[in-house]
Amino acid sequence: MKKTVVVLGTQWGDEGKGKIVDLLTENADAVVRYQGGHNAGHTLIINDEKTVLHLIPSGILRPGVKCYIGNGVVIEPSALIKEIKQLEASGVDVQSRLFISKSAPVIMPYHITLDQLREQAKGKDAIGTTGRGIGPAYEDKVARRGIRIGDLIDSKLLKDKLQTVLAYHNFVIEHYHNSEPLSFDEVYQSALQQADFIKGMCSDVTGQLHQQLENGDQLLMEGAQGTLLDIDHGTYPFVTSSNTTSGSAAAGSGLGATHIDYVLGITKAYTTRVGGGPFPTELFDEDGIELAKRGVEFGATTGRARRCGWLDLVALKRAVQVNGVTGLCVTKLDVLDTFKTIKVCTGYGQNDFPGAASEFEQIKPEYQKLTGWLSSTKGITDMSALPIEAKRLIEVIEKYTGVPVHIISTGPDRSENIIIKNPMQ
Ligand code: IMP
């Protein structure tokens, strides 16, 4: 049976979704981004060649697969154009396969200015955003004053809307942040040029997706960021500004909830986080340094060092629940190859799951200790070749979360995986 599969992060992002989406795209007719923006960074390594995608769905590297950017994604046109040109320069056919929703909100230059000014103003309480205007663009969407892709490609409409919205934001930039206002002419002229480049790719994505479903095609929905960065279910206010959980695969593309057949939750075999905010299992010792070093834990978008810690099963279980996860994919198992003891958090020492960042700070993580395997799992593709201690870790994850592990990633390359069950088949 053809299936619509959602792939999403169950932690604070950077779980390795890009690699898995690319892997599963072998059986997909289309790949869809449905939330977030170019704050995401999906790293793909194919035959030793590294590609980092921020906005364009990871399916673009498979010839023939259609790629959609849905209405739930906030689009910064210059970042999109740069990515298209980079891919085209390395011989990837983009413009005939990429479709951009006319209902998607545009990240305008004043959103980026506001994101950065606000973070500066917050000082030590900064969220640690990617500084790309994501939050202010979503705010404009909800405030119903945002410019959408459909407005951007209509020069008259754009002029009218931009005049009003820029006056509003310039007032704040000038009088609240004491900073330089943006010039209408500069913003308008560069928006016109960007619109000219992208207009051939703009379409009714929702309609096209339903057409694909009617044709019996297989869709892969590619999430960005992770569950604990969700605006509602994450460690608020240290979160991103979109819903990163599975419901937004429907809302952010125009599918119905009943069109989703399978949700694949990606988790690292440990945990990382970039930016500020709570992180109950964070390590500040040699083990943390070892995880960062072995896992090459630097942000794909900002290059920032990621904070590292043990796998948090309490948070993972919550992520399984709020996303309705069907099966899990455990990535970066091989990073744990050198650890004599591996810990997993199995309790928070309190009954309720925290609803606010301040409550997370009270947590005293309780750990289960597991014996490490102290041998290389790098590149293993067969479950029977996994050391017994590694199999034990997988069993502990399955038992605690109540869902099966269907894929284990044992290295960065497209080929380095154990596929227990392929969600697309
Ligand atoms: P924003 O999405 O730029 O507003 O940033 C809000 C928070 O989400 C910050 O802590 C960022 O570091 C984090 N964040 C946003 N995108 C990603 C991502 O793709 N991976 C990991 N963290 C992210």
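Start at 1 and go down the list; that is how both ligands and their atoms are numbered.
Residue Ala40 has at least one heavy-atom neighbour below 4.0 Å for each of these atoms of ligand 1: 19 (O). Less than 4.0 angstrom separates some heavy atom of Ile127 from each of these atoms of ligand 1: 10 (O).
Taking any N or O of Arg132, backbone or side chain, none lies under 3.5 Å from an N or O belonging to ligand 1. Between Ser241 and ligand 1, a contact under 3.5 Å exists for no N or O pair. Residue Arg304 places at least one N or O, backbone or side chain, under 3.5 Å from an N or O of ligand 1.
At the shortest separation from atom 3 (O) of ligand 1 among protein heavy atoms lies Thr130 OG1, 2.6 Å. The closest protein non-hydrogen atom to atom 5 (O) of ligand 1 is Thr129 CA, 3.3 Å. Counting protein heavy atoms only, atom 21 (C) of ligand 1 is closest to Asp14 OD2, 3.2 Å. Nearest non-hydrogen protein atom to atom 22 (N) of ligand 1 is Val274 CG2, 3.4 Å. Of the protein's heavy atoms, Gln225 CG, 3.5 Å lies nearest to atom 17 (C) of ligand 1.
Remark: among candidates Leu229, Asn39, Thr240, the nearest residue to atom 14 (N) of ligand 1 is Leu229, based on non-hydrogen atoms.
Residue contacts with ligand 1 include Val239, since one or more of its heavy atoms lies under 4.0 Å from the ligand. Residue contacts with ligand 1 include Gly128, since one or more of its heavy atoms lies under 4.0 Å from the ligand.
At least one side-chain heavy atom of His169 sits less than 4.5 Å from a side-chain heavy atom of Asp140. The shortest distance between side-chain heavy atoms of Leu213 and Leu255 falls below 4.5 Å. Two residues are said to be in side-chain contact when any heavy atoms from C-beta on lie closer than 4.5 Å; Arg132 and Ile112 fail this criterion.
Phe339 has its ring centre less than 6.0 Å from the ring centre of Trp310.
Ion pairing between a basic and an acidic side chain is recognised when a charged N comes within 4.0 Å of a carboxylate O; Glu286 and Lys293 show no such pairing. Contact check on Glu139 versus Arg118 returns a salt bridge, with a Lys/Arg side-chain nitrogen under 4.0 Å from an Asp/Glu carboxylate oxygen. Taking the charged nitrogens against the carboxylate oxygens, Asp337 and Lys378 have no contact shorter than 4.0 Å, which rules out a salt bridge.
Considering every non-hydrogen atom in both Pro105 and Lys141, the closest pair reads CG-CD, 3.7 Å. Between Asp334 and Thr377 the shortest heavy-atom distance is CA-OG1, 3.2 Å.
Heavy atoms of Trp12 found under 4.0 angstrom from ligand 1 belong exclusively to the backbone.
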